[in-house]
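Being a predicted model, the structure only gives us computed values, none of them experimental. Throughout, protein chains are lettered first and strands after them, A, B, ... in sequence-line order, and every chain is numbered starting at 1.
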2 protein chains.
Amino acid sequence: MNQSAEIAEIVPRVFTISDLSSEFELTTRTLRFYETRGLLEPRRRGQTRLYSRRDRARLKLVLQGKRVGFSLTDIKEMLDLYDLKDGQATQLRVSLKRFKERIGDLERQKIDVEEAITDLNRTCQIVEGMLDPGS
Amino acid sequence: MNQSAEIAEIVPRVFTISDLSSEFELTTRTLRFYETRGLLEPRRRGQTRLYSRRDRARLKLVLQGKRVGFSLTDIKEMLDLYDLKDGQATQLRVSLKRFKERIGDLERQKIDVEEAITDLNRTCQIVEGMLDPGS
DNA sequence: CCTTACCCTCACGTTAACGTCAATTTAAGG
DNA sequence: CCTTAAATTGACGTTAACGTGAGGGTAAGG
């Protein structure tokens with residue numbers, strides 16, 4: 001019932017670049033690119049990158065950030081904030097603010113998309129009217 | 001009550017590049033760029049571009065297309081279709097198909113956006129929970 | 001020893017839709 | 001005629017997030 005022993009069997013302590021690339025369906029190029037952007041900093045054994053669990057966790061955060069539409073630059077800033085002093089209320093509030101701003105953006109975007117849809121539907125109806133023999 | 005006379009006073013027969021750029025709030029660069037992309041082909045008086053009402057109408061279509069998310073390439077294809085034989089049912093059906101496909105895209109996009117919003121809201125709630133003193 | 005399979009570091013290429021000069025030419029007005 | 005104001009044609013720059021080789025090192029298996 002030793003938790004860490006259990007986890008050790010399921011989740012390795014260290015990952016190669018192709019481990020992560022296949023797990024998350026990213027190219028190795030992408031992982032190296034993220035590194036140049038300061039999102040990951042794996043250790044090295046010689047030249048070869050060795051990713052820790054922490055690296056993997058950060059990668060997950062990166063991908064989650066992307067899913068909700070943050071840029072890599074945004075994501076880096078937020079990761080850096082968390083690193084400064086994890087759990088620090090001030091940092092959390094900053095991120096929270098960013099999140100809410102982003103939600104605002106997304107809601108505006110949603111409205112735009114909805115407008116585009118009604119626009120196009122209107123156009124479609126006109127065109128269909130032109131094509132309808134029983135006009 | 002001569003319609004064309006009335007219109008002639010309100011809408012000029014010919015437009016300069018800055019007329020159109022200010023009317024539609026585009027830069028002249030943009031109008032020239034659209035020309036290189038085959039979206040507009042104004043006549044020339046010497047070197048100077050002279051846009052007809054038809055050019056202006058096409059420009060309106062371009063902008064409408066952009067508003068609903070078509071790329072300039074898409075828009076050109078569609079404009080070309082219209083030009084082939086305006087009012088031809090076949091062409092209309094083709095465009096109609098494109099429109100419906102685009103509507104599908106947009107609806108998927110809308111779902112994505114909605115998911116991102118709920119994602120972020122969830123995250124916000126977690127963070128707020130961490131900040132909540134009465135936790 | 002040789003092949004395979006990964007790993008690495010440059011470093012230029014890609015896509016979209018223009019922006020931003022630079023160097024001229026033309027048009028309009030006094 | 002002279003001076004601006006506006007137009008013209010290149011042609012390189014920008015942004016994001018990687019893609020795509022080129023050229024080379026390393027380690028395991030047969």
Exercise. Do the side-chain N or O atoms of B/T27 get closer than 4.0 angstrom to the phosphate oxygens (OP1, OP2) of C/dC18?
Worked result: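 Checking B/T27 against C/dC18: no side-chain N or O falls below 4.0 Å of OP1 or OP2.
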For this session: Considering just the side-chain nitrogens and oxygens of B/Y34, establish if one lies under 4.0 Å of OP1 or OP2 belonging to C/dA17.
Result: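 Negative; the distance criterion is not met.
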Looking for any heavy atom pair under 4.0 Å, which part of the strands does [X] touch: base, sugar-phosphate only, or nothing?
X     : result
A/T28 : nothing
B/S71 : sugar-phosphate
A/R32 : base
A/R44 : sugar-phosphate

How close or far is atom [atom2] of [N] from atom [atom1] of [X], stated in whole angstroms?
X     : N      : atom1 : atom2 : answer
A/D19 : C/dC6  : CG    : P     : 11 Å
A/D74 : D/dA16 : CG    : C1'   : 12 Å
A/F33 : C/dA11 : CZ    : P     : 17 Å
A/Y51 : C/dC6  : OH    : C1'   : 13 Å
B/L20 : D/dA6  : CG    : C1'   : 15 Å
B/R49 : C/dT26 : CZ    : P     : 14 Å
A/E35 : D/dC18 : CD    : C1'   : 15 Å
A/F70 : D/dT15 : CZ    : P     : 21 Å

If you only use heavy atoms from C-beta on, which nucleotide in [options] is closest to the side chain of [X]?
X     : options                : result
B/K66 : C/dC7, D/dC18, C/dC18  : C/dC18
B/T16 : C/dT9, D/dA7, D/dG19   : D/dA7
B/S18 : D/dA7, C/dA17, D/dG19  : D/dA7
B/T48 : C/dG19, D/dG19, D/dT8  : D/dT8
B/R45 : C/dA17, C/dA28, D/dA11 : C/dA28

Problem set entry | Toward the 5' end of DNA chain C, by each residue's nearest nucleotide, B/T30 or A/I17 |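 Of the two residues, A/I17 wins.
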Exercise. Side-chain donor-acceptor pair under 3.5 Å between B/T30 and B/T27, yes or no?
Worked result: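 Short answer, yes.
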Exercise. Quick one: does A/R29 reach the base of D/dT20 with a side-chain donor-acceptor pair under 3.5 Å?
Worked result: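 Answer is yes: a donor-acceptor pair is held.
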N-O pairing of [X] and [Y] below 4.0 Å:
X      : Y      : answer
A/D55  : A/R58  : no
A/D112 : A/R108 : no
A/E41  : A/R54  : no

For this session: Mind running salt bridge (Lys or Arg N to Asp or Glu O under 4.0 Å) on A/R93 and B/E128 for me, showing each step along the way?
Result: CA-CA 8 Å; A/R93 281 186 223 285; B/E128 279 167 345; over 6 Å; no
For this session: Identify the residue among B/R98, B/R37, B/K66 that makes a salt bridge (charged side-chain N to carboxylate O under 4.0 Å, His left out) with B/D74.
Result: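 Among the candidates, only B/R98 passes.
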